[in-house]
Amino acid sequence: SSDILNEKYVEALEGIMVQEDRMWYNMAKQAIGLANNMSVIAGELTPKTLMNVSMNVQRWGLTAAHLLMAADIIVDIIGNAEFVNAIEPVARHELVMTGQIATLYGMSIISEQYRHPQHKVVSQGEFVIVSDPLMHGAYTDRGGIDSEPTNVSTENVIGRGWVIQESISMVVANERSVAFGRRV
């Protein structure tokens with residue numbers, strides 16, 4: 001039925017987006033040690049340790065624009081009075097009501113807390129601080145998503161389906177624009 005077809009198309013799009021995220025994450029991880037070393041944090045994440053990792057990006061004259069964090073890191077932010085006091089009362093109410101932190105210390109927060117387990121990219125205990133996209137890298141889509149129907153004559157398997165693919169290019173052009181932290 002059309003509902004199943006639409007559902008499978010959405011699942012294919014999700015799979016493509018997750019692969020794009022994983023490709024970026026692996027490229028960014030390869031930048032560790034080129035300009036910024038991995039910051040290993042013992043215990044919970046605090047505002048001071050977060051800003052120390054942020055300085056790895058800022059010391060190059062770049063802004064620390066985004067904080068991407070694993071699902072388990074959000075517990076450190078919600079459970080730490082220093083973080084909670086840094087969040088203005090309206091944003092604190094938003095945090096309690098929706099779980100969305102929005103912006104903290106000038107960085108937009110992107111948490112994997114609410115992603116489906118199969119869609120998570122960041123390793124447990126890790127967080128990544130990234131500069132704004134103009135200083136970080138580039139991503140291009142080479143013609144969009146291409147879908148081709150398949151059937152028994154093309155696959156030699158009884159049934160029908162589609163092969164969905166996308167050609168993209170991606171580069172982390174500035175190794176200074178990304179800093180990793182890991183909580184142990």
Student: Report yes if some heavy atom in the side chain of Ile129 is under 4.5 Å from a heavy atom in the side chain of Leu50; otherwise report no.
Tutor: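 Touching, per the 4.5 Å side-chain cut-off.
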Student: Any side-chain heavy atom of Val18 within less than 4.5 Å of one from Glu20?
Tutor: no
Student: Could you check Ile109 against His66 for side chain to side chain contact (heavy atoms under 4.5 Å, CB included), going step by step and ending with a plain yes or no?
Tutor: CA-CA 6 Å; Ile109 307 297; His66 305 285; over 6 Å; no
Student: Given side chain to side chain contact (heavy atoms under 4.5 Å, CB included), test Asn52 with Ile41 step by step and report yes or no.
Tutor: CA-CA 10 Å; Asn52 284 338; Ile41 298 165; over 6 Å; no
Student: Determine whether Phe127 and Asp76 make a side-chain contact, defined as any pair of heavy atoms from C-beta on separated by less than 4.5 Å.
Tutor: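 They are not in contact (no side-chain heavy atoms under 4.5 Å apart), so the answer is no.
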Student: Compare every heavy atom of Thr49 with every heavy atom of Glu44, then report the nearest pair and how far apart it is.
Tutor: O-OG1, 4.5 Å
Student: Indicate the atoms forming the closest heavy-atom contact of Gly125 with Ala70, along with that distance.
Tutor: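 Scanning both residues completely, I find the closest heavy atoms to be N-CB, 3.9 Å.
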Student: Grab the two heavy atoms, one from Tyr105 and one from Pro47, that are nearest each other, plus how far apart they are.
Tutor: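 In terms of heavy atoms, the two residues are closest at OH-CB, 3.3 Å.
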Student: What's the shortest heavy-atom distance between Asp132 and Ala65, and which atoms?
Tutor: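 Residues Asp132 and Ala65, closest heavy atoms: N-CB, 3.7 Å.
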Student: Given the rule that I, L, V, M, F, W and Y join up when any side-chain heavy atoms are under 4.5 Å apart, are Leu67 and Met135 in one cluster?
Tutor: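 They do share one cluster, since a chain of ILVMFWY contacts under 4.5 Å joins Leu67 to Met135.
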Student: Check for me, please, whether Leu68 and Ile32 land in the same ILVMFWY cluster - side-chain distances under 4.5 Å, paths through other members count.
Tutor: yes
Student: Below 4.0 angstrom, N of the basic side chain to O of the carboxylate: do Arg182 and Glu126 qualify?
Tutor: yes
Student: Before accepting this row, confirm whether a basic side-chain N of the pair Arg115/Asp21 lies closer than 4.0 Å to the acidic partner's carboxylate O.
Tutor: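 Looking at Arg115 and Asp21, the cut-off is met.
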Student: What is the distance from atom CZ of Arg59 to atom OG of Ser54, rounded to the nearest 0.5 Å?
Tutor: 11.5 Å
Student: Are Met23 and Val121 connected, step by step, through hydrophobic side chains (Ile, Leu, Val, Met, Phe, Trp, Tyr) whose heavy atoms are closer than 4.5 Å?
Tutor: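 Hydrophobic grouping puts Met23 with Val121.
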Student: Between CZ of Arg22 and NE2 of His119, what distance do you get to the nearest 0.5 Å?
Tutor: 8.0 Å
Student: Does any N or O in the side chain of Glu112 come within less than 3.5 Å of the main-chain N or O of Val122, such that one atom is a donor and the other an acceptor?
Tutor: yes
Student: I'd like to check Val128 versus Tyr25 (side-chain heavy atoms, cut-off strictly below 4.5 Å). Are they in contact?
Tutor: yes
Student: Could you tell me if His136 and Ser131 have a donor-acceptor pair between their side chains, going purely by distance under 3.5 Å?
Tutor: no
Student: For the atom pair CG (Asn26) and CE (Met170), what is the distance rounded to the nearest 0.5 Å?
Tutor: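 Answer for the CG-CE pair, Asn26 versus Met170, is 10.5 Å.
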Student: Under a single-linkage definition using a 4.5 Å side-chain heavy-atom cutoff for Ile, Leu, Val, Met, Phe, Trp and Tyr, are Met107 and Leu134 assigned to the same hydrophobic cluster?
Tutor: no
Student: In this structure, are over 12 heavy atoms from other groups packed under 6.0 Å from Gln124 atom CD?
Tutor: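 No, CD of Gln124 has 12 or fewer neighbouring heavy atoms, counting only those of other groups under 6.0 Å.
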Student: Side-chain heavy atoms under 4.5 angstrom apart, residues restricted to Ile, Leu, Val, Met, Phe, Trp, Tyr: same cluster for Val172 and Tyr139?
Tutor: yes
Student: Find the distance between CG (Leu62) and OG (Ser177) and round it off to the nearest 0.5 Å.
Tutor: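 Here the interatomic distance stands at 6.5 Å.
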Student: Given the rule in the side chain to side chain contact (heavy atoms under 4.5 Å, CB included) test, do Val57 and Arg176 qualify, once you have shown the distances and angles that lead to the verdict?
Tutor: CA-CA 6 Å; Val57 172; Arg176 296 175 175 179; over 6 Å; no
Student: When you compare the side chain of Met69 with that of Leu45, does any pair of heavy atoms fall below 4.5 Å?
Tutor: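 Contact flag for Leu45/Met69 side chains = no.
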Student: Any idea which heavy atoms bring Ala35 and Glu175 closest together, and the distance?
Tutor: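 Shortest heavy-atom separation between Ala35 and Glu175 comes out as CB-CG, 3.7 Å.
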Student: Looking only at heavy atoms, which two atoms of Asn56 and Ala179 are closest? And how far apart?
Tutor: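 Looking at all heavy atoms of both residues, the closest pair is CB-CB, 3.7 Å.
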Student: Do the non-hydrogen side-chain atoms of Ile164 and Asp146 ever get within less than 4.5 Å of each other?
Tutor: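 They are not in side-chain contact.
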Student: If you define the side chain from C-beta out and look only at heavy atoms, does anything of Val53 sit under 4.5 Å from Met51?
Tutor: no
Student: Taking side chain as C-beta onward, heavy atoms only, is Phe180 less than 4.5 Å from Asn36?
Tutor: no
Student: For side chain to side chain contact (heavy atoms under 4.5 Å, CB included), just list the numbers for Met38 and Val40, CA-CA rounded to whole Å, side-chain angles, deciding distance to a tenth of an Å, and then say yes or no.
Tutor: CA-CA 6 Å; Met38 170 73 80; Val40 179; 4.2 Å; yes
Student: Could you give the distance from OG (Ser147) to CG (Leu13), rounded to the nearest 0.5 Å?
Tutor: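 That separation rounds to 9.5 Å.
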